[in-house]
Amino acid sequence: MSEERSLNFIEEIVEEDIAAGKNDGRVLTRFPPEPNGYLHIGHAKSICLNFGLAQKYNGKTNLRFDDTNPVKEDVEYVDSIKEDVKWLGFEWAEELYASDYFDKIYEFAVALIKRGLAYVDDSSAEEIAAQKGTPTEPGTPNEYRSRSVEENLQLFADMKAGKYPDGAKVLRAKLDLAAPNMHLRDPLMYRIKHAHHHRTGDAWCIYPMYDFAHGQSDAIEHITHSLCTLEFIPHRPLYDWFIDQLGIFPSKQYEFARLNLNYTVMSKRKLLQLVTEGHVESWDDPRMPTISGLRRRGYTPASIREFCERIGVAKRENMIDVGLLEFCIREDLNKTAWRRMAVLDPIKCILTNYPEGEVETMHGENNPEAEDGDGSREFPFSRELWIEREDFMEVPPKKFFRLGVGLMVRLKNAYIIRCDDFVKDADGNVTEIHCSYLPESKSGNDTSGINVKGTIHWVSVPHAKTAEVRLYDRLFQVENPQSEDGDFKDYLNPNSLDVIQTVYIEPDLANAKPGTPVQFMRKGYFTLDKYSTADKLVFNRTVTLKDGWVKK
RNA sequence: UGCCUGAUAGUAUAAUGGUAGUACGACGGUUUUUGGUACCGUUUGUCUAGGUUCGAAUCCUGGUCGGGCAACCA
């Protein structure tokens, strides 16, 4: 164990267990999603924790689908979950399903009935809720609680055989109706659902509840450390009770605080709503905090793993600043993304003293962060260039290191130019900038002796290719939409997507590949959208560059 | 008015009775053919009131504040 970083509280538990010789030092974790939605960045935290723990302690991790509620689940979700876990860079030991254990779990239930620890209850959901009492008043037993073992056995078999409609009966644990912990007031173990299951089909019409499936599945797999989020703390006594009564492998549950990210929502229910109501395009809309959305946005697996490492693991409720996620992707992409030039908001710049029709080939390294620049590429230079509109000002303020009449800048990997003049249209908009270039200032063999403060990017007008660019901003206008009054959707950011139809890009960008990040110099990191075509290139902005220039 | 949890800079996270540290952010500077990167520096913290102790973020007691729990969801 490295001494470099201190351990989080779960690592401490694991190390204590190993030191104590528990489970012969074996570590087996599991990642247990319900296949009822797409994975999001919060799941990434759990994935990194579970798989990371196993990697660190020579253990393994199972991927187990908690598929005990057929009406909400689907193979579409199973497939996406597998893809996302793999993409994040993890390999599971076994792909398992709670539904694989339905026979076994049924036997567990029968065993408890035989011991008088479970009974069939004919009450309605409302009646059961009422009989449970309140946090301050104990619950009251009903007539069904005292049914004989034989009757319960028969009734439960009949439930399984499909003799009753949905809701007619449930199987309950006979525990303690006065327990201060509401979860112990005779919790439901099985309910009737005549529903088609995505894996078991119509084989079953009764399905176990979470509390009678999760711990049992853990035990069947001999999971040593079952990690879940804080809201399951009150379930732990039940988790332990069932395992204890059944005499099965004693998996242990430990709880950590789930990830909350500001300016977004993280519940599957809310994310589903954003999709179905059309507030976003799909589950993998680049504005979504889903793994697939982040992937399409241009986030890398390494950056997400790094993020999960940095946020830490503790029991305190937290709200992580999305700025940290952005830091992680910038840090990664800065080292890997090739640099290219693209002008998002173009204005024409004419070099009045440059020969008409002449074309020069300029060179630029792919990545200045790499030792050898990661190689270089060529791009054409000519008399007319597209430059960024914001790189020119009619009345430049004091520390404006760009263009304005009389000011000089360097064109990246090309010449220094001086702004002489500009042209306006009838509405007063600047339409053209006239500059003269300094022939002796060519990049690579500059003998001008002139130093300029600013360097701007450009694209040669006759050689430029075009692309569509999509700029994304935070999905919500407030840090925590679900804590605000009213509907969380009232706080959606109306400007979360800004589509720029025509952007001028240097010719080489026409060869961009999907999934390969690129930095548009001075503008940010971009990646080709998964639905981009050769006819119509579409780039997504992953994240802006940090902007240290404060106007004013 | 029940039970369970938690509380350390703006945000996270360490310190496990012995110098409150790290990261991100913010601010300032150096370098720079990206106002990026890199590097340097500055800034801000133990919820509260008592107690134990030579010594408390840490242990004890009371309080305050936050989160969770009464789905045939997970």
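Every chain is numbered from 1, with letters handed out A, B, ... down the list of sequences. Below, all heavy atoms of this structure are taken into account, side chains as well, without hydrogens, waters or symmetry copies.
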Separation of rG35(B) atom P from Trp549(A) atom CH2, nearest Å, is 11 Å
Could you say whether Asn36(A) or Pro368(A) is positioned toward the 5' end of RNA chain B, judged by the nucleotide with the nearest heavy atom to each? Pro368(A)
Using a 4.5 Å cut-off on heavy atoms from C-beta on, say whether the side chain of Arg418(A) contacts that of Leu403(A). no
Considering residues at least two apart in sequence or located in another chain, which fulfil the side-chain hydrogen bond (donor to acceptor under 3.5 Å, both in side chains) criterion with Lys268(A)? Asn36(A)
Could you work out which one of rC69(B), rC73(B), rG36(B) sits closest to the side chain of His183(A)? rC69(B)
Does any donor-acceptor pair link the side chain of Arg410(A) with the base of rU33(B) at a separation under 3.5 Å? yes
Applying side-chain hydrogen bond (donor to acceptor under 3.5 Å, both in side chains) to Asn50(A) and not counting sequence neighbours gives Ser46(A)
Tell me which nucleotide among rA74(B), rU33(B), rA71(B) gets nearest to the side chain of Thr68(A). rA74(B)
State which of rG36(B), rG68(B), rC73(B) makes the closest approach to the side chain of Asn69(A). rC73(B)
When you compare the side chain of Arg199(A) with that of Phe65(A), does any pair of heavy atoms fall below 4.5 Å? no
I'd like to check the side-chain contact (heavy atoms from CB on, under 4.5 Å) partners of Pro180(A); sequence neighbours left out, ordered by chain and number. none
Can you tell which of rA14(B), rC69(B), rG35(B) lies closest to the side chain of Ser6(A)? rA14(B)
Could you check whether Arg410(A) pairs with Asp446(A) (Lys NZ or Arg NE/NH1/NH2 to Asp/Glu carboxylate O, under 4.0 Å)? yes
Interatomic distance, Glu309(A) CD vs rU13(B) P [rounded to whole Å]: 13 Å
Is any NZ, NE, NH1 or NH2 atom of the basic residue among Glu506(A) and Arg377(A) found under 4.0 Å from an Asp or Glu carboxylate oxygen of the other? yes
Listed by chain and number, what are the ring-ring contact (aromatic ring centres under 6.0 Å, His included) partners of Phe520(A), not counting sequence neighbours? Phe526(A), Phe539(A)
Between Lys252(A) and Asp17(A), does at least one N-O distance fall below 4.0 Å, as a salt bridge requires? no
When the C1' atoms of rU58(B) and rG51(B) are considered, how many whole Å apart are they? 15 Å
Pairs: protein N or O with nucleotides 17-26 of chain B N or O, under 3.5 Å:
unit_1, atom_1, unit_2, atom_2, d
rA23(B), O2', Arg310(A), NH1, 2.4

Of the candidate nucleotides rA14(B), rC72(B), rA7(B), which contains the atom at the shortest distance from the side chain of Arg316(A)? rA7(B)
Need one value for Thr229(A): base, sugar-phosphate or nothing, where a base atom within 4.0 Å counts as base even if backbone is also close, heavy atoms only. nothing
Answer yes if the ring centres of Trp458(A) and Phe379(A) are under 6.0 angstrom apart, and no otherwise. yes
Applying ring-ring contact (aromatic ring centres under 6.0 Å, His included), can you list everything that pairs with His457(A), at least two apart in sequence or on another chain? none
Among rC73(B), rG68(B), rU37(B), the nucleotide that comes nearest once only the side chain of Asn334(A) is considered: rU37(B)
Using the P atom on both, measure rG45(B) against rU32(B) and round to a whole Å. 36 Å
Between rU5(B), rU34(B), rA74(B), which nucleotide gets closest to the side-chain atoms of Lys315(A)? rU5(B)
Choose from rA70(B), rG36(B), rC72(B) the nucleotide whose nearest atom is closest to any side-chain atom of Glu369(A). rG36(B)
Nucleotides 1-3 of chain B: which of its N/O atoms have a protein N/O under 3.5 Å away?
none

My understanding is that only residues two or more places apart in sequence, or in another chain, count here; which of them pass ring-ring contact (aromatic ring centres under 6.0 Å, His included) with Trp386(A)? Tyr504(A)
Could you go through nucleotides 63-67 of chain B and list every protein N or O atom that sits under 3.5 Å from one of its N or O atoms, giving the distance for each pair?
unit_1, atom_1, unit_2, atom_2, d
rG67(B), O2', Glu317(A), OE2, 2.8

Does any part of the side chain of Gln519(A), heavy atoms only, come nearer than 4.5 Å to the side chain of Trp338(A), both counted from C-beta? no
Can you confirm whether or not the ring centre of Phe212(A) sits under 6.0 Å from the ring centre of Phe242(A)? yes
Rounded to the Å, how far apart are Leu230(A) CG and rU5(B) P? 11 Å
Using the P atom as the reference point in each nucleotide, state the distance between rG18(B) and rC60(B) in Å, no decimals. 15 Å
Determine, for Asp100(A) against Arg64(A), whether the closest basic-nitrogen to carboxylate-oxygen distance falls under 4.0 angstrom. no
Strand RNA chain B as a dot-bracket string - pairs counted if Watson-Crick or G-U with both distances under 3.5 Å, | where the partner lies in another strand: .((((((..((((....[..)))).(((((.......)))))....(((((..]....))))))))))).....
Sequence neighbours excluded, the answer for ring-ring contact (aromatic ring centres under 6.0 Å, His included) partners of Phe232(A) is Tyr210(A), His235(A)
For RNA chain B, what residues of residues 156-178 of chain A have any heavy atom nearer than 4.0 Å? Gly167(A), Val170(A)
